[in-house]
Amino acid sequence: MLRSLSRGLWNYRTIIFIILTPLLLLPLPLVVRTKEAECAFVLLLMAMYWVTEVIPLSMTAMLPAVLFPAFGIMKSSNVAKEYFKDFHFLLVGVICLATSIEKWGLHRRIALRLVTMVGVNPAWLMLGFMSGCALLSMWVQNTSAVAMVMPIVEAVLQQILKAKESGCVGKVNPNLQLDGNSLAKQTNTPLVSCATSTFYTRDGDLMMCKAMCIGIAYSSNIGGISTLPGTSPNLIFSEYLNQIYPDCNCINFGNWLLMCLPISVIMLFLTWIWLYWLFLGSDFKFLWQCKGEQSEKEKAARKVIEDECKSLGAMSAQEIFTGTVFLLMVLLWLTRSPGFMPGWASFFPHHSGYITDATVALLLGLVFFIVPAYGPDRKYEAMISWEEFQASMPWKVALLVGGGFALAEGAKVSGLSLWVAELLKPLGDLPVLATVAVACIIVTTLTEVASNAATITIFLPILSPLAEAIHVNPLYVLIPTTLCTSFSFLLPVSNPPNAVVFSYGHITIMDMVKAGIGVNVIGLLAVLLAVATWGIPLFSLDTYPDWAPVLPGFNSTLP
């Protein structure tokens, strides 16, 4: 009887947690009876649900729409306005571009070109694939970037590891089909039949597979931090800044790229060196040695890459159009309002601040639904269809971000943000960089077990009052912690790219943990270096801005 009861409780542990959590938090609004306490109840409840994922993340994000009106914090109509922002338009435009890139195979051409440039030595091959994945993830979702590159990597690995006596070691994928990726992401099952039983001819081959696969997973996150649309935490931070500090116009595509691209380059290079040392050894002679005779494995890798390049044929009209729109989008983002000179947005002097990066993304994204994919000799078909766009659109992220904006607005309206700021004032006695380092470590730790988007959504309403409390430029705290939110390298469940790569079966959880600890340290140090050096003149981090509120007790003229 007792055993049956315990089994039943274990089977229903999720619903028990869902019910017990608000009951344990209820004394907060019932005893304290202030708007700050009621908002804190909502924040803590959402944080617990987001971290444990007992309810789908997007549905947890809907709680402010129910609880804020119930507590009298915000009207239902006002809460609803927070769920669709400028961020969503930018996301729609970027996903339109990503859909076209994936549909017409431009990603394969980019990745293969980069690989052929660096060569087929295992170390250089790994760097080539990592660079290709990082470049793609700057413009498409990190998961999509991994899903685009991994089939190419797997085809090369299968060719290298193919044993003469044992026949095929797996299902060769010469056309680099991506059909299985969606299923794999949902079920965490292997994408190829050989994944869990690949015949490795020696330990070195196994180590090469581990290094290559983990490098792909990590490079997607490393590349994604470089641009604002590259990863969801960057977009959430940008929109949060516009919402909480409407007079702050210092974050745009151009200066974010100037800040974060060097971080990505440093991280990518050091991660490559770290993974090579961890899995392939400490012999780095290849860095300065001239090219010699290629081994059989290198010849096999070169052959499969050359065959893949030939199979792509000449660049299609659809690829050319997609690439042109992509370059145009980047150019318009960079020149809209570069800061050091007037951008094209200055042509609209009477509408200052009306045009944003989202305007550009949405306009060019719309073009893909209008321009015909083929000539007049075929039935009209647009470059992408709504069904194809909808399959790529991360609606879960869109709703999650909306819930975060509603939570942030509720914290501001209820006075919880000001209460937290007063509570955190003693931290002003610490060196600013030490405070930032502590915040980054906390965020990096939590993001290993919680969604990146959920983590940044929880911490933004806490960290901005912290910056105000210690009278530090909010960007000094928010930028590095936003970047560290993407450093979820330890576990397959930390983020979807890790799970996709893990499903191929070449790596274990301990492989990812050992490698991830080193990459976390690399990322944390790179971010702190950036904010302490070139980030200061780029965003004036050493001065308290006039767009941020000055709390009582501080002289607004002090730096």
Side-chain angles (χ1 to χ4, degrees), residues 9-71 73-74 79 82-83 232-233 236 240 396-417 419-420 423-424 438-466 481-482 484-488 490-491 493-496:
L9 290 174
W10 176 254
N11 291 337
Y12 279 84
R13 63 189 183 278
T14 297
I15 196 163
I16 292 172
F17 184 86
I18 292 172
I19 296 172
L20 281 181
T21 302
L23 291 178
L24 292 174
L25 293 174
L26 263 181
L28 194 62
L30 292 181
V31 175
V32 181
R33 291 185 174 275
T34 63
K35 295 300 179 188
E36 292 91 336
E38 292 167 350
C39 186
F41 169 82
V42 178
L43 188 150
L44 292 173
L45 180 63
M46 292 177 70
M48 293 296 293
Y49 284 175
W50 269 335
V51 170
T52 57
E53 297 190 43
V54 290
I55 297 177
L57 297 177
S58 52
M59 293 313 298
T60 299
M62 298 289 104
L63 288 178
V66 178
L67 297 178
F68 281 172
F71 283 125
I73 296 173
M74 293 175 65
V79 178
E82 303 300 323
Y83 279 86
S232 53
I236 295 170
Y240 176 85
K396 179 176 74 173
V397 173
L399 290 174
L400 173 64
V401 172
F405 295 153
L407 184 62
E409 184 64 19
K412 180 181 176 182
V413 171
S414 66
L416 178 63
S417 294
W419 181 82
V420 171
L423 187 68
L424 297 174
V438 170
C440 288
I441 292 171
I442 294 172
V443 168
T444 304
T445 303
L446 182 60
T447 196
E448 300 293 354
V449 295
S451 160
N452 297 355
T455 303
I456 193 63
T457 304
I458 293 169
F459 274 92
L460 282 176
I462 298 172
L463 294 174
S464 57
L466 165 63
T481 47
T482 297
C484 287
T485 306
S486 296
F487 297 163
S488 45
L490 287 184
L491 300 170
V493 297
S494 294
N495 61 40

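Since the structure is predicted, the reported quantities are computational estimates derived from the model, not experimental observations. Numbers for residues simply follow the sequence, beginning at 1. What you see below is based on every heavy atom in this structure, not just the backbone, and it leaves out hydrogens, waters and symmetry mates.
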Rounded to the nearest 0.5 Å, how far does CZ of F459 lie from CD1 of I236? 14.0 Å

In terms of heavy-atom contacts, T444 and C440 come closest through OG1-O, 2.7 Å

pair S414-F68: side-chain heavy atoms closer than 4.5 Å: no

Show me the donor-acceptor pairs, under 3.5 Å and distance only, between side chains in residues 29-46 and residues at least two apart or in other chains.
from	atom 1	to	atom 2	distance (Å)
R33	NE	L30	O	3.2
T34	OG1	A37	N	3.2
K35	NZ	F71	O	2.7

Show the nearest heavy-atom pair for residues A65 and Y83, with the distance to one decimal. N-OH, 3.6 Å

If you measure from OG1 on T481 to CG on L460, what distance do you get to the nearest 0.5 Å? 6.5 Å

Please list, chain by chain and in numerical order, all residues satisfying side-chain hydrogen bond (donor to acceptor under 3.5 Å, both in side chains) with E409, sequence neighbours excluded. Q243

L466 versus L463: any side-chain heavy-atom pair under 4.5 Å? yes

With sequence neighbours excluded, what pairs up with S488 under the side-chain hydrogen bond (donor to acceptor under 3.5 Å, both in side chains) test? N452, N495

Any donor-acceptor N/O pair, T447 side chain to V443 backbone, under 3.5 Å: no

With rounding to the nearest 0.5 Å, note down the distance linking SG in C484 to CD1 in I442. 11.5 Å

What's the separation between atom CD1 in I19 and atom OG1 in T14, rounded to the nearest 0.5 Å? 11.0 Å

Tell me whether Y12 at atom OH has more than 12 heavy atoms from other residues, nucleotides or ligands lying less than 6.0 Å away. no

Test item: Y49 side-chain N/O and I18 main-chain N/O as donor-acceptor pair under 3.5 Å: yes

Between T457 and A453, what is the shortest heavy-atom contact and its length? OG1-O, 2.5 Å

Which one of V54, T60, T21, L24 satisfies the side-chain contact (heavy atoms from CB on, under 4.5 Å) criterion with M48? T21

Count the heavy atoms of every other residue, nucleotide or ligand shown that sit under 6.0 Å from CG of L23, and state whether that count exceeds 12. yes

